[in-house]
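This report concerns only the one structure given below.
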Amino acid sequence: ANLEPSTKRIFLGEKDKGAFVFSLGEEERNALRCSRVSELGEDTKISLDIAADAAFGIDYFKRIAPLFSRFNIGQENASSVRYNNLVLGDSNLVIETTRGKKRNLEIMASLPVTIEGGGVVVTEDGTDLRGKRVLSYGHGDREHLPIISACTESLALNTLKYLNKNGFGA
């Protein structure tokens, strides 16, 4: 589950039941579903974790940001907000990196919501993270592995192809 403090909403992914959002203090849950965008185009709403470069001493986003300059880029500051926007349909694609030893709880809590909301989460080599133990990838001393989270499998694969064509990826 993900708490979005600024809106006092909780985002929840229930295995094989779906993703839901509800406001604190209320019992009514609203079902969530990622958008169905499948192609990478100028209207694709993308969130890049650009702040990760400075925070972790990496240069991944500095290097890939120019590839996405013609797209519709969002600048959310928190990982949880990026993933919440994905299942709300306000975003189509999130590109982040794992946090190494920090073990970012926002990302971990967001994956079930994304997956149960119909989204897909893959690594840079195309490995689907559905069903994987969260701490089994990207949590070594210096690991900052790229993660592609998309509203559809097709969009995730198209993004990986685009990154590979431009010298990034596995």
Side-chain angles (χ1 to χ4, degrees), residues 2 4 11 13 18-21 30-100 104 106-132 134 136-139 143-170:
N2 245 343
E4 193 174 81
F11 291 75
F20 305 91
V21 63
N30 295 309
L32 298 172
R33 190 80 182 154
C34 292
S35 72
R36 305 313 308 154
V37 171
S38 60
E39 296 295 323
L40 190 58
E42 290 183 14
D43 292 336
T44 306
K45 296 179 249 171
I46 302 172
S47 179
L48 301 176
D49 186 14
I50 294 170
D53 282 359
F56 303 112
I58 60 176
D59 68 352
Y60 182 76
F61 292 98
K62 177 183 175 185
R63 292 182 298 124
I64 72 163
L67 297 177
F68 293 95
S69 63
R70 67 184 176 96
F71 298 95
N72 185 354
I73 304 296
Q75 296 293 326
E76 300 85 359
N77 290 327
S79 294
S80 60
V81 174
R82 287 184 196 97
Y83 290 99
N84 294 347
N85 285 345
L86 188 63
V87 295
L88 286 167
D90 295 336
S91 180
N92 309 123
L93 180 67
V94 176
I95 302 177
E96 290 213 49
T97 62
T98 58
R99 303 300 198 240
N104 186 307
E106 287 178 283
I107 294 174
M108 288 188 234
S110 299
L111 295 184
V113 177
T114 300
I115 291 166
E116 293 303 321
V120 176
V121 183
V122 297
T123 60
E124 196 174 37
D125 67 0
T127 301
D128 189 337
L129 296 180
R130 190 178 8 225
K132 301 271 187 207
V134 173
S136 69
Y137 59 90
H139 295 291
E143 288 184 299
H144 298 283
L145 304 176
I147 297 175
I148 311 297
S149 302
C151 56
T152 62
E153 183 176 10
S154 181
L155 181 58
L157 294 175
N158 285 327
T159 302
L160 289 173
K161 285 179 192 173
Y162 180 71
L163 287 168
N164 288 331
K165 182 176 106 176
N166 287 283
F168 293 89

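This is a predicted model, so every value here is computed, not measured.
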**V81 to E4 - nearest heavy-atom pair and separation** = CG2-OE2, 3.9 Å
**Prompt:** If you round to the nearest 0.5 Å, how far is CG of N2 from OH of Y83?
**Reply:** 10.5 Å
**Message:** Using only atom types and a distance under 3.5 Å, with no angle test, would you say the side chain of D53 pairs donor to acceptor with the backbone of Y60?
**Reply:** yes
**Prompt:** What closest approach, in Å, do C34 and T114 show between heavy atoms, and which atom pair accounts for it?
**Reply:** SG-O, 4.2 Å
**side-chain contact (heavy atoms from CB on, under 4.5 Å) between T159 and I46, intermediate numbers included** = CA-CA 11 Å; T159 302; I46 302 172; over 6 Å; no
**Message:** Can you confirm whether the side chains of S35 and N92 place a donor and an acceptor under 3.5 Å from each other?
**Reply:** yes
**Fill in**
What one should report as the nearest heavy-atom pair of L48 and F61 is CB-CD2, 4.2 Å
**Request:** Would you check, one step at a time, whether the test side-chain contact (heavy atoms from CB on, under 4.5 Å) holds for L93 with F71?
**Result:** CA-CA 11 Å; L93 180 67; F71 298 95; over 6 Å; no
**Asked** Would you say Y162's side chain and L67's backbone share a donor-acceptor pair under 3.5 angstrom?
**Response** yes
**Message:** As a quick check of understanding, evaluate side-chain contact (heavy atoms from CB on, under 4.5 Å) for L163 and I148, giving each step before the final call.
**Reply:** CA-CA 11 Å; L163 287 168; I148 311 297; 3.9 Å; yes
**Asked** Backbone N or O of S38 within a donor-acceptor pair of the N158 side chain at under 3.5 Å?
**Response** yes
**Spacing of SG belonging to C151 relative to CG belonging to L88, to within rounding of 0.5 Å** = 13.0 Å
